[in-house]
Amino acid sequence: MRYTWAVESHVGRVREGNEDSFAPPNDGASEGPVIIAVADGMGGHVAGEVASRLAIDAATVPDPDPGEDPAVRVMSANAAVIEGMRADPRHAGMGTTLTLGIFEPDGTLRIGHVGDSRGYLLRDGVLRQLTQDHSLVGQLVAGGHITADEARTHPRRHLVTQSIGMQKIDVDRVDETLQPGDRILLCSDGLTDMVPDDDITDLLLQNEGLSDAAWSLIDAANAAGGVDNTTVAVVDVGP
Ligand code: MN
């Protein structure tokens, strides 16, 4: 399978620094296996930035082999963030989300996921969320207590139930069989807090170019207030 991707990140209109990290560092193309990942750090001062960077670096080395379990990489990111806290007390309490996809040569996408960043699949014009948010409101949505739209503006929407850097984490695994024409979106909550899924769908459909699509999403998040850092990875699946 042929994968092409663009990854873009923007600080937004309110925050002073960008605590999101991502991989790969540059746009590109590959037959797979290739790792594409988004991490959204949290913590005082520069700790959030440190946490997301440590997680991405630990999770993406070495290069992937076909058939790998992405949860193993998420666990090594967790170990790296915990070690980072131990090594530098200024970083105590830091954490990060990590949503990591391994795109396989045979068209399998294997996702390992902790936190409230998200993976989506756009197929035949329909956007489907592949990951479940590890957050209070994510649990409320999953239980049918509130709608996804209500979750977006819920006052406690930023309360995550697990993140990288906790002693005990339970990594979600999602496998998806991709088809040519599919488009995958990985993103931080800077996008999904600001832009409803219907608008994300429209922008992904209207912008054929990968970088155009990525920037249209970031522009929409910033137009809606841009209260957080926004990172988006858009991946097109070819024959
Ligand atoms: Mn965020």
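Just so you know, ligand 1 is whichever comes first in the structure, and atom 1 is the first atom listed for that ligand.
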Side-chain ion pair, R118 and D133, N-O less than 4.0 Å: yes

Is the closest basic N to carboxylate O distance between R110 and E176 below 4.0 Å? no

How is the N/O/S atom of D228 that comes nearest to the Mn ion (ligand 1) named? OD2

Taking backbone and side chain together, does D193 place any N/O/S atom at a distance below 2.8 Å from the Mn ion (ligand 1)? no

Show which side-chain atoms of residues 22-34 pair as donor or acceptor with protein atoms under 3.5 Å away, not counting sequence neighbours.
from : atom 1 : to  : atom 2 : distance (Å)
D27  : OD1    : V7  : N      : 3.0
S30  : OG     : G32 : N      : 2.8
E31  : OE2    : R2  : NH1    : 3.2

Would a distance-only check, ignoring hydrogens and angles, find a side-chain to backbone donor-acceptor pair under 3.5 Å from E8 to I218? no

With the Mn ion (ligand 1) at the center, what angle do OD2 from D40 and OD1 from D189 span, rounded to 10 degrees? 90°

